[in-house]
Amino acid sequence: MQSTGPLPHVVVVGGGIAGLAAAARLSGADGSPRSARVTLLESGDRLGGKLRTGELAGIRVDLGAESMLARRPEAVALARAVRLGDALQPPATAKAAIWTRGALRPMPTGQVMGVPGDLEALADSGVLSPEGLARIDEDLDPDRPASEVGDDVAVGAYIAERLGREVVDRLVEPLLGGVYAGHADQLSLRAAVPQLLATARGGGSLVQGVRALQAATPANPAPVFQGIDGGIGRLPLAVAEACRAAGVELRLGTEVRSLSRTPDGWQVGAGEELLAADAVVLAVPAPAAARLLAAEAPAAAAELAEVEYAGMALVTLAFDRSELGEPAGSGFLVPPVDGRSIKASTFSSNKWRWLAEAAPDTFVLRTSVGRHNEEQDLDRDDADLVARSLRDLAEAAGITAVPRASTVTRWRAGLPQYPVGHLDRVDRIEKQIAGLPGLALCGAAYQGVGIPACIASAWRAATLVQGALAREGTMGA
């Protein structure tokens, strides 16, 4: 789609990974044909959104997302396109545990987002009580009627009906909480665990459905997740560098105050300036998109305003390794039903080889607190959050050492929630936006919260505006 005439001007609003990926695709910074002159506007003082690195005890650490799903191709492909391919690194260990019923218990194998397929492994783990295990057996009764799920159903309600409440409380909740910081009884099966939807609609045993899914999945030696040497926070910085080299104008500290359609395209109110654009990509959270679209697309804006977000905080701790001992595995998840302060802990120095090699005498770990509608802990001061984390770490893993450094990172309104009907809402928004040529939306609020999903969303948005520009004749021949 290389132009021989003047390139159209596309304004990308938002400098998280989605906005950067859209700018890279339009400008050719990711190796694609250049199709536009791009200006990216970010209201904050840095790029990267929820991907961020910082220093703790002189060590570079991730203060946001720390890994990306590698079984989806988009994030790995983008990392390679911006010359981070050699820095990709799988976890050194994926051996996780669940802190429940008074002990750290091994994460059962043979499950899909907590839904068990291997009942022997589940029994051996000790995660469920004998009563909870017995309840699962009811799902295998060939005479048991199918569950009615319709077009969509809450994850927790469906799984509890089939397998009992313990499976939801002690397996599904902690795993889903790590992805969405949400509640299984509110999250959409269709949006959050789509691989189980066909099984649910087909009826019959859920356990057998999980077994069938796993049997149908070809053996794949590639890692499920990848990190980056030096932290996932390097990815947006590398994309930004590639964008600059491709001629993208990156403006920080520039709040977009207005967006309006003009006879020739779009007008973007950026700070005190009005920018003319042939097309616009909105890569901002749903509330910001709702505000900007209130005049031009009020129905879409109303839908976007209904998207709810969860806040969370990360407590990152650095210990002298000689005082800590050797905690095993990659960390542990905590079921909310157990009433702990933390919802998870990652033993980062075990999980990432690059971190252990960069600081062999230091052990870095982190905990997370906060879930949707349970963000009150985010208002506690840093010292309180650190103290609460240390109390839980001592009880769960016997960690009693005093950290030599700590930092708390708060992500308020950090993760969009996908309730029942979420994908129908997204479909309505997209249909309403389709009537505004040269406008596209992308980011975590739509088709997935993970890094690859956000990048895929950005690429789709870039394709949509490229198509609109070509139809309007703005794209050079």
Side-chain angles (χ1 to χ4, degrees), residues 16-17 44-69 75 79 84 86-94 96 178 181 225-240 311-333 342-370 378 382-383 385-390 392-393 397 399 401-412 414-415 450-451:
I17 191 61
D45 58 1
R46 66 174 188 86
L47 298 167
K50 306 303 182 298
L51 310 188
R52 177 182 176 183
T53 59
E55 280 199 2
L56 181 68
I59 307 163
R60 181 159 294 278
V61 295
D62 275 313
L63 299 177
E66 62 167 4
S67 65
M68 53 194 186
L69 186 66
L84 287 178
D86 291 342
L88 291 169
Q89 190 178 105
T93 177
F225 294 96
Q226 288 275 19
I228 292 177
D229 188 348
I232 284 289
R234 289 183 61 194
L235 178 60
L237 302 182
V239 178
M312 60 177 296
L314 294 174
V315 180
T316 308
L317 306 168
F319 297 86
D320 287 326
R321 191 180 284 270
S322 61
E323 298 179 3
L324 189 69
E326 293 293 336
S330 62
F332 59 89
L333 299 174
I342 66 175
K343 68 174 188 179
S345 180
T346 301
F347 298 162
S348 304
S349 290
N350 282 352
K351 189 172 183 179
W352 302 112
R353 186 178 71 250
W354 64 265
L355 185 55
E357 292 173 349
D361 298 326
T362 303
F363 194 93
V364 176
L365 65 79
R366 65 186 200 172
T367 67
S368 59
V369 300
L378 274 64
D382 289 3
L385 289 177
V386 169
R388 287 169 174 267
S389 293
L390 290 172
D392 279 354
L393 288 167
I399 295 173
V402 177
R404 60 187 177 91
S406 64
T407 188
V408 176
T409 312
R410 290 171 177 80
W411 296 106
R412 296 185 184 274
L415 286 168
I451 298 171

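With sequence neighbours left out, Asn350 forms a side-chain contact (heavy atoms from CB on, under 4.5 Å) with Thr93, Phe347, Phe363. The side chain to side chain donor-acceptor pair (under 3.5 Å) check on Ser368 picks up nothing, with sequence neighbours excluded. Partners of Leu47 by side-chain contact (heavy atoms from CB on, under 4.5 Å), not counting sequence neighbours, listed by chain and number: Leu20, Leu40, Glu42, Ala240, Arg244, Leu250, Leu252. In terms of the side chain to side chain donor-acceptor pair (under 3.5 Å) criterion, residue partners of Arg60 (sequence neighbours excluded) are, by chain and number, Thr53. Contacts of Ala94 classified as side-chain contact (heavy atoms from CB on, under 4.5 Å), with partners at least two apart in sequence or in another chain: none. Arg234 pairs by the salt bridge (charged side-chain N to carboxylate O under 4.0 Å, His left out) definition with nothing, not counting sequence neighbours. Considering only residues two or more places apart in sequence or on other chains, Arg404 meets the side chain to side chain donor-acceptor pair (under 3.5 Å) condition with Asp320, Thr362. Every residue meeting the side-chain contact (heavy atoms from CB on, under 4.5 Å) condition with Ala181, not counting sequence neighbours, appears here in chain and number order: Ala310, Lys343, Leu415. Partners of Ser389 under the side chain to side chain donor-acceptor pair (under 3.5 Å) rule, at least two apart in sequence or in another chain, are Thr367. Take Arg412 and apply the salt bridge (charged side-chain N to carboxylate O under 4.0 Å, His left out) test, not counting sequence neighbours, and it matches Asp379.
Within the model, atoms CH2 of Trp411 and CG of Leu378 stand 12.0 Å from one another, a figure rounded to the nearest 0.5 Å. Taken to the nearest 0.5 Å, the OG1 atom of Thr316 stands 11.0 Å off from the CD1 atom of Ile59. Taken to the nearest 0.5 Å, the CG atom of Leu56 stands 8.0 Å off from the CG atom of Leu63. A distance of 6.0 Å separates CD1 in Ile399 from CZ in Phe319, rounded to the nearest 0.5 Å. For the atom pair Ile232 CD1 and Ile17 CD1, the distance stands at 9.5 Å (nearest 0.5 Å). Between the CG atom in Asp62 and the OG1 atom in Thr409 there is a gap of 10.5 Å [rounded to 0.5 Å].
Using a 4.5 Å cut-off on side-chain heavy atoms (C-beta onward), Leu317 and Val386 make contact. Between Arg410 and Asp382, some side-chain heavy-atom pair lies under the 4.5 Å cut-off. Between Leu393 and Ser345 there is a side-chain heavy-atom pair separated by less than 4.5 Å. Counting only heavy atoms from C-beta outward, the side chains of Pro90 and Phe225 never approach each other to under 4.5 Å.
The salt bridge (Lys or Arg N to Asp or Glu O under 4.0 Å) analysis of residues 348-364, with sequence neighbours excluded, yields the pairs Glu66-Lys351, Arg353-Glu357. Here salt bridge (Lys or Arg N to Asp or Glu O under 4.0 Å) pairs that include residues 322-333, with residues two or more places apart or in two chains, are Arg321-Glu326.
The minimum heavy-atom distance between Ala75 and Met68, with the atom names listed, is CB-SD, 3.5 Å. Taking all atoms of both residues into account, the shortest heavy-atom contact from Leu88 to Gln226 is C-OE1, 3.8 Å. For the residue pair Ala57 and Ala318, the shortest heavy atom distance occurs at CB-CB, 4.0 Å. Looking at every heavy atom in both residues, Arg366 comes nearest to Ser348 through CG-OG, 4.2 Å. Heavy-atom minimum distance, Ala401 versus Leu390: O-CD2, 4.4 Å.
Each of Leu355, Leu314, Thr407 was scored for a side chain to side chain contact (heavy atoms under 4.5 Å, CB included) with Val61, with one residue passing: Leu355.
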Handout entry: Steps toward side chain to side chain contact (heavy atoms under 4.5 Å, CB included) verdict (Trp352, Ile228)
Key = CA-CA 9 Å; Trp352 302 112; Ile228 292 177; over 6 Å; no

